[in-house]
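If you read the sequence from its start, that first residue is 1, and numbering goes on from there.
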Amino acid sequence: MKLTSMLMTTAFSVSATIAQSADLEVTHWWTSGGEAAAVTKFADAVNDQTAHNWVDGAIAGSGTTARPIIISRILGGDPMAATQLTHGRQAEELIEAGLMTDLTELAEKEGWRDIVNPPSLLDSCTYEGRIYCVPVNIHSTQWLWLSHDAFDKAGMSVPQDWYEFVAAAPKLAEAGIVPLAMGQQGWQQRIAFGALTVGLVDQDSWRKVSLERNAEVAAGPQYAKVFDAVVDARELARNSNVQDWNLATNMVITGKAGGQIMGDWAQGEFTLAEQVAGQDYSCLPGMGLNQIIDTSGDAFYFPVIEDAEVKQAQMDMASVLISKEVQVDFNLTKGSLPVRGDVDLSAANDCMKKGLAILADGNVLPSMDQAFSADTQAQIQDLMAEFWASDMAAADAQARYAEIIADAD
């Protein structure tokens, strides 16, 4: 009788476990070599630490390609269980429509407010006092990546800032090296513009434009320096004919290009190529001119699905993604910084340590995803794409930019 009772209890427990498992389709745009290696850390953790199964829904291309597909599916009634988005304002309308799962109860239970650093990351997941996403990393976009091999071939030392890099460009070109690797996509050119802005403009002017929408400052002398620098960048990238960002990074890794302006996710490609920071390549946050980074990054949202088992699985997945060990494993591979301020990053490379030091000093700015709506960002991106594809004068581009800022939301 006791044995029968035990068997029945065991059968019930197994049935309950099976009933609570779920297949979780997860959409994201991490498809480069370094990104794929990083997202595997998440998938393995979810599969190993929960009863659920990560069903990978990678969308080839950048976020610019993936986001419309993701949003269209959710609006069309075909939601995935979880999706990567950039924490910021991209999901506002979906949240307003009641299509994103409220994570507030889980966040309060696990004390996310106490562990997420900087707090603005969780603020970006918050709408009307409720939390709708779990931030998983801090990505900053203000980096100049430099190839030691390229500068060795040209017989020069590695530059220490943007202006030294521009001055070194003629010798790089003479050595048959493309000075600046740049993918021919608007979002990459928008990142280059933003990086040069943070590097060359004082913080007060940056805040007046990006946060206060001051078009007069955008049209003034501080920002004139930026547009002059973008003209230089456009010229240095004339012979860069690749499309994708990771192909541009590969030009730096192989010494075919002197440098690249790109977010810190480029580190994932250097790591995959077994290159060593400070030995094979250098990284200059703030273009080597302004030790400051923005707090962009990725977060996971969980579309509303009316299935109790899937809802619980979504909570389980969110908890795993922000856990200590997973934060370390993922971000060391991705090249980003963890969102937790209480993890051991002694294994971080020189470039990650630079980012951590800047973060510790509080020298951070909101990202463009946090500062501007998707529509305003699209306008800036379209302007940059047109600018890089033409011979538009710096003054004309600046005037157009100031108009965008005047109407920005």
Under 3.5 Å donor-acceptor, Asn137 side chain and Asn331 backbone: no
Side-chain heavy-atom pair Thr64, Gln381 within 4.5 angstrom cut-off: yes
Student check: side-chain heavy atoms of Val217 and Glu212 closer than 4.5 Å: no
Aromatic ring pairing Phe227/Phe193, orientation class (parallel under 30°, perpendicular over 60°, tilted between): tilted
Main-chain N/O of Cys283 paired with Lys354 side-chain donor or acceptor, under 3.5 Å: yes
Test item: Asn349 side-chain N/O and Cys351 main-chain N/O as donor-acceptor pair under 3.5 Å: yes
Other residues, nucleotides, ligands: >12 heavy atoms within 6.0 Å of Gln243 CD: yes
Lys208 side chain reached by Arg213 side chain, heavy atoms, under 4.5 Å: no
Any side-chain donor near an acceptor of the partner, Ser336 and Asp264, under 3.5 Å: no
Side chain Gln327, main chain Val339, donor-acceptor under 3.5 Å: yes
Backbone N/O of Met384 and side chain of Arg190: donor-acceptor pair under 3.5 Å: no
Test: Asp307 and Lys311 ion pair at under 4.0 Å: no
Side-chain donor or acceptor of Asp361 paired with backbone N/O of Asn363 under 3.5 Å: no
Check against ring pair (Phe, Tyr, Trp, His ring centres under 6.0 Å), Trp206 and Tyr223: CA-CA 9 Å; Trp206 186 94; Tyr223 274 73; 9.0 Å; no
Steps toward salt bridge (Lys or Arg N to Asp or Glu O under 4.0 Å) verdict (Lys41, Asp329): CA-CA 7 Å; Lys41 301 293 185 180; Asp329 289 346; 5.8 Å; no
Main-chain N/O of Ser240 paired with Gln184 side-chain donor or acceptor, under 3.5 Å: yes
Electrostatic pair Asp391-Arg238, nearest N-O below 4.0 angstrom: yes
Distance-only donor-acceptor check, side chains Thr126 and Arg113, under 3.5 Å: yes
Side-chain donor or acceptor of Gln188 paired with backbone N/O of Gly183 under 3.5 Å: yes
Within-4.5 Å side-chain heavy-atom neighbours: Met80 and Thr27: yes
Student check: side-chain heavy atoms of Met368 and Ser296 closer than 4.5 Å: no
Salt-bridge contact Asp149-Lys153 (side-chain N to carboxylate O under 4.0 Å): yes
Close aromatic pair by centroid cut-off 6.0 Å: Tyr132 and Phe302: no
Sub-4.5 Å side-chain heavy-atom contact between Glu269 and Asn250: no
Met182 vs Gln189 side-chain heavy atoms within contact, under 4.5 Å: yes
Check: Asp294 main-chain N/O paired with Gln142 side-chain donor or acceptor under 3.5 Å: yes
Evaluation steps, salt bridge (Lys or Arg N to Asp or Glu O under 4.0 Å), between Arg400 and Glu386: CA-CA 11 Å; Arg400 291 263 301 275; Glu386 182 181 350; 2.9 Å; yes
Gap between atom CZ of Arg207 and atom CG of Asp202 - 0.5 Å precision: 11.0 Å
Glu96 atom CD: more than 12 heavy-atom contacts under 6.0 Å: yes
Test item: Ser120 side-chain N/O and Asp123 main-chain N/O as donor-acceptor pair under 3.5 Å: no
